[in-house]
Amino acid sequence: MSKIVKSKALNITSMLNEDRVFPPSQEFAKSAHIKSLQQYKKLYRESIQSPEEFWSKQAHSELLWFKPWKKTLQWKTPDAKWFVGGKLNVTTNCLDRHLDTGTANKAAIIWEGEPATDGKPGEERVLTYRQLHREVCLFANVLKKHGAQKGDRVLIYLPMVPEAAIAMLACARIGAVHSVVFGGFSAQSVADRIFDCKAKVVITADGGYRRGSVVPLKKNVDDALVLEGPRGDRLAASVERVLVLKRCGNEIQMHEGRDLWWHEELATVSPQCPAEHMDSEAPLFILYTSGSTGKPKGIAHSTAGYLLFTKMTTRYVFDLQDNDVFWCTADVGWVTGHSYVVYGPLANGATSLMYEGAPNWPEPDRFWRIVDKHRVSILYTAPTAIRAFMKWGDEWPKKHDLSSLRLLGTVGEPINPEAWIWYHNVIGGKRCPIVDTWWQTETGGIMITPLPGATPTKPGSATLPFFGIHPEIVDEEGKAVPRNVGGKLVIRKPWPSMLRGIWGDPQRFRDVYWTEVKGSYFTGDGCRQDKDGYFWIVGRIDDVLNVAGHRIGTAEIESALVSNSKVAEAAVVGRPDDLKGQAIVAFVTLKGAIKAEPAIRNELRNHVAKEIGPIAKPDDIRFAEALPKTRSGKIMRRLLKQIAAGNEIIGDTTTLEDFNVLAHLSKNDE
Ligand code: PRX
């Protein structure tokens, strides 16, 4: 039965067409960390009623400290400080602590390279905890040798190779703050990020493999380092050194005095590198993400709270057991890669699998081949990938033995029930629980999720909050709405891995997250709770698109478009897309005499790729003589969305400045 629920004030509609429930199997629950809904509820209640007691207990038992903390939480909206006065190092917790145990020789990272174009299978590397520790200490010494110190920012722009994790951990070892930039971003994006965080060192590779071709990472860095800002100053003037990993052997330029080869530098340093004693609240990393303005936000995360929360969520959400092979398919350029490829799994002494390439290269069974080969037991991926697998057909997974899988996870966007059921049946062989995990770059770790031995799941719902997380759905006034009514999702109480701010911009931090609903963290998502208290995320309610599980701000694309000399004005909206969740549609008005020709479309798409990166390329560009605006001059996005989706225009249009514009846009499909 399908019922539509609408919150009038917010115009959030959500479909209630899913009433299937999948309880955890007794078999799974028996050996799970959390074995029943009662057990979850009891612990959850404790964590909400006495949060400081709860987190203090966890921090004692989970983390290794150089110096204990004095105060568990210091909270003055919007600034949280957790475990105040404590000292620790993330790498002691992820690496050193395992060296005196049986875990020392366990695989920390299993890496699978992209298969070569000549049909040879991909390379494979395994790093044990002992080996990873050594590599991290060596590279930490390289960073130190080149002047990186506690608090300095280091930009990492690498492919999905073990060195990406090594570079992140090496920063953490010496207390430098890393900022990983996804390899799909352009030179301009790299330069903007360096400018924003004033990075001293850049770590990159000659190139990275992607679907048989080489992404010229070093070349992009070279370009980034000479780009100028609006005032004619070099954006990346803070960079003193570029450390270059040899990955593809493609030809590159090395600038003397600035650029150094990773492998040559390793040979010059000692493998002993004591871990810096870091304050609990010291920044661990900055990760840039899109917001509703044109400028990406540098989300800053802390040391102790982040580590504790990612460690606990990895263990409980994925019900991690000692012999699991855990594969989170995200790139380390996204927060999912930070928390569930690197920090969470390693803090637990788990085996984390990393894959360099694309899911359909050389053939659409690449993932299933890897699951089969490495006996992957936990697979964590995105709904957009699952929908692509569905489209490619069941024959690809059916070719392989997937019996090692015991748990599946999803993240990044709402999963449609059809994809959920397919994942459950075809990949999970009907025996694997699915954890649909809701969280964000800002939250650091998983916030709303089933616990697989405890929570009955409903396809499409992220179900219930993790320990210590207090989400609520509120109306325009910030008041909690009744069950089954849509509203804004907020988090009422601070949690250990919450963002500590936007790098260098405390005012924006307050404005974006803390003013919408007074005293609470505003997620930007619309949501509804059903009669059982389950959370159903509807999607973003601001001007942020979720394209293939990646957040892209419409304003960012608009400002990239108008930076092209042919464009007068641009408005970007999302259109529902079966595969990617949302596709990017740009409405563009060209300057004066310039005629709308198909070639300009390509030019503009490439222009956006150059400005931001290929991930932001509009799927559709539609030319218009003028954009529809209200009398106060605001672009009527609601209307453009309807046009983009091919819907008939509904609703009130009397405030339109020019009705002709509207008629013209609807027809303009050439
Ligand atoms: O809209 C929500 C959606 O992705 C946004 C966060 O994007 P990002 O910071 O890039 O992090 C993605 C990986 C954590 C959220 O505001 N989102 C994420 N997970 C889910 C989701 N929407 C529905 N269900 C999810 N499980």
Side-chain angles (χ1 to χ4, degrees), residues 12 14-15 18 180 182 184-185 286-292 296-299 301 306 309-310 313-314 317 328-341 343-344 380-387 408-417 419-420 423 434-450 455 457-466 469 471 486 488-491 497-499 502 512-513 516 521-528 534-553 556 574 580-582 615-616:
I12 291 170
S14 78
M15 300 289 289
E18 194 47 60
V180 184
F182 174 58
F185 280 115
I286 305 166
L287 189 59
Y288 286 86
T289 188
S290 294
S292 47
K297 303 175 280 195
I299 303 301
H301 278 288
Y306 173 81
F309 196 74
T310 48
T313 46
T314 309
V317 175
C328 163
T329 67
D331 191 283
V332 288
W334 309 114
V335 73
T336 313
H338 283 58
S339 302
Y340 301 108
V341 175
Y343 293 115
Y380 187 34
T381 196
T384 185
I386 298 167
R387 289 191 296 267
L408 304 173
T410 72
V411 61
E413 57 183 308
I415 181 164
N416 47 313
W420 195 103
Y423 199 30
I434 295 180
V435 288
D436 172 354
T437 64
W438 175 88
W439 58 295
Q440 311 176 292
T441 306
E442 291 87 341
T443 69
I446 295 166
M447 303 283 281
I448 303 180
T449 176
T455 318
T457 51
K458 302 182 189 181
S461 170
T463 74
L464 299 169
F466 190 73
I469 304 304
K488 303 177 199 174
L489 178 64
V490 298
I491 313 292
S497 68
M498 64 196 283
L499 76 165
I502 296 178
V512 174
Y513 303 108
E516 183 91 12
Y521 168 79
F522 172 52
T523 64
D525 280 344
C527 191
R528 167 181 70 81
Y534 277 39
F535 288 81
W536 296 75
I537 311 290
V538 181
R540 304 290 307 183
I541 52 180
D542 52 14
D543 288 326
V544 174
L545 306 181
N546 191 328
V547 180
H550 297 136
R551 261 161 75 172
I552 303 178
E556 244 176 290
K580 299 200 282 186
Q582 279 187 300
I615 50 166

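In listed order, ligands and their atoms are each counted from 1. Worth knowing before you read on, the calculation uses all heavy atoms, side chains too, and leaves out hydrogens, waters and symmetry mates.
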Is there a donor in the side chain of [X] and an acceptor in the side chain of [Y], or the other way round, less than 3.5 Å apart?
X: Y380; Y: T437; result: yes
X: Y521; Y: T443; result: no
X: S339; Y: T310; result: no

Can you list the ligand 1 atoms lying under 4.0 Å from a non-hydrogen atom of [X]?
X: D525; value: 1 (O), 2 (C), 15 (C), 16 (O)
X: T441; value: 8 (P), 9 (O), 10 (O), 11 (O)
X: D436; value: 24 (N), 25 (C), 26 (N)
X: T437; value: 19 (N), 20 (C), 25 (C), 26 (N)
X: I537; value: 22 (N), 23 (C)
X: V411; value: 13 (C), 14 (C)
X: N546; value: 3 (C), 4 (O)

List the closest protein heavy-atom neighbour of [atom]: residue, atom name, distance to the nearest 0.1 Å.
atom: atom 25 (C) of ligand 1; result: E413 O, 3.5 Å
atom: atom 23 (C) of ligand 1; result: P414 N, 3.0 Å
atom: atom 7 (O) of ligand 1; result: R551 CD, 2.9 Å
atom: atom 3 (C) of ligand 1; result: G412 O, 3.3 Å

Closer than 3.5 angstrom, by distance alone: can the side chain of [X] be matched with the main-chain N or O of [Y] as a donor-acceptor pair?
X: H550; Y: N546; value: no
X: T410; Y: A382; value: no
X: Y340; Y: T313; value: no

**Prompt:** Does the ring center of F185 lie less than 6.0 Å from the ring center of Y288?
**Reply:** no

**Item:** Winner among W536, F535, W439 once heavy atoms are compared against atom 14 (C) of ligand 1
**Value:**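 Nearest heavy atom to atom 14 (C) of ligand 1 lies in W439.
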
**Item:** Pairwise distance OG1(T314) to CD1(I446) - rounded to 0.5 angstrom
**Value:**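 The CD1 atom of I446 is 7.0 Å from OG1 of T314, to the nearest 0.5 Å.
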
Are any of the N or O atoms of [X] closer than 3.5 Å to those of ligand 1?
X: T336; value: no
X: T523; value: no
X: T289; value: no
X: R540; value: yes
X: G549; value: no

**Note: K488-D525 ion pair, threshold 4.0 Å (strictly below)** = no

**Request:** Tell me, with the steps shown, if I415 and W420 meet side-chain contact (heavy atoms from CB on, under 4.5 Å).
**Result:** CA-CA 6 Å; I415 181 164; W420 195 103; 3.8 Å; yes

**Request:** Output all residues satisfying salt bridge (charged side-chain N to carboxylate O under 4.0 Å, His left out) with E556, sequence neighbours left out; order by chain, then residue number.
**Result:** none

